[in-house]
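Beneath this line is the structure, given in structure tokens, with notes to follow.
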Amino acid sequence: MSQITCDIVDLKKREYRNKDCQMVVVPGKAGEMGFMEGHVPTLTKLTDGAIRAHLNDGSVVTVASQGGYAYCTGGLVYVLADRSCVADNIDLDAVAAERSELEAKFKNVEDGSIDQKVIARKIRWCDIRTKVKQEAGSRL
């Protein structure tokens, strides 16, 4: 069986680490990329979406991510994301409430301003978490 380490960090914390992965799938700019033990060293820019760590016990851990990079050494997949969250830790009701609050703020800021762009990115993060949580739930 393949054994590769998956290490996912964002700008604030280490979100996930497991040394017993069979494969790690990331949302690369060129499409989804899967990494297994012995993969050629690769650096790729990530798109928003789901990172899936397929563990050797047959389970899959899904992590929502926004932006960032993934680096594979052949024995390690290291992900540095702008934002990340394990799908099991996502509370859809809390995310929906956060999104509503952000939409109200968005309407009250000047068009084209930095504040508007920051709020739009936060709204996008709400959408990513919602989609990833729903997709992870449908795989069960």
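Side-chain atoms are counted along with the backbone in the values below, which use heavy atoms only and exclude waters and symmetry mates.
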Side-chain contact test, heavy atoms from C-beta onward, threshold under 4.5 Å: evaluate it for [X] versus [Y] and give yes or no.
X	Y	result
I8	R14	no
V79	V9	no
Q66	L46	no
Q116	D111	yes
I90	V95	yes
Q3	D20	yes
E32	R52	yes
E15	D7	no

Lys/Arg N to Asp/Glu carboxylate O, [X] vs [Y], below 4.0 Å:
X	Y	value
E98	K122	no
K105	D115	no
R83	D10	no

Where at least one partner belongs to residues 34-75, residue pairs that pass ring pair (Phe, Tyr, Trp, His ring centres under 6.0 Å), sequence neighbours excluded: F35-H39
Worked verdict on D91 versus K133 for salt bridge (charged side-chain N to carboxylate O under 4.0 Å, His left out): CA-CA 9 Å; D91 177 346; K133 176 70 172 189; over 6 Å; no
Of all the heavy-atom pairs spanning [X] and [Y], show the shortest one and how long it is.
X	Y	result
E110	S113	O-OG, 2.8 Å
T47	K29	CG2-CD, 3.5 Å
A50	P27	O-CD, 3.3 Å
I4	G74	CD1-O, 4.1 Å
V132	V63	CG1-C, 4.4 Å

From [X] [atom1] over to [Y] [atom2], what is the distance, rounded to the nearest 0.5 angstrom?
X	Y	atom1	atom2	result
C21	M36	SG	CE	11.0 Å
R129	S84	CZ	OG	11.0 Å
K107	L102	NZ	CG	12.0 Å
S65	I128	OG	CD1	7.5 Å
F106	E101	CZ	CD	15.5 Å
L92	Q134	CG	CD	6.0 Å

Contacts of type salt bridge (charged side-chain N to carboxylate O under 4.0 Å, His left out), residue E103, not counting sequence neighbours: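 Here the qualifying residues are R99.
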Heavy-atom donor-acceptor pair, N108 side chain to A104 backbone, under 3.5 Å: yes
Single-linkage hydrophobic cluster, 4.5 Å side-chain cutoff, W125 and V109 together: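 Hydrophobic grouping puts W125 apart from V109.
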Verify same cluster id: Y16, V24 (apolar side-chain graph, 4.5 Å):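 Linked, Y16 and V24 end up in one cluster.
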Heavy atoms from other residues, nucleotides or ligands near NZ of K12 exceed 12 (cutoff 6.0 Å): no
Test applied, side-chain contact (heavy atoms from CB on, under 4.5 Å); reference residue, C72; option that passes from L43, V77, V40: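 Single side-chain contact (heavy atoms from CB on, under 4.5 Å) partner of C72 among L43, V77, V40: V77.
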side-chain contact (heavy atoms from CB on, under 4.5 Å) assessment of L55 paired with V61: CA-CA 8 Å; L55 307 183; V61 175; 4.0 Å; yes
Side-chain H-bond candidate by donor/acceptor type, D57 with S59, under 3.5 Å: yes
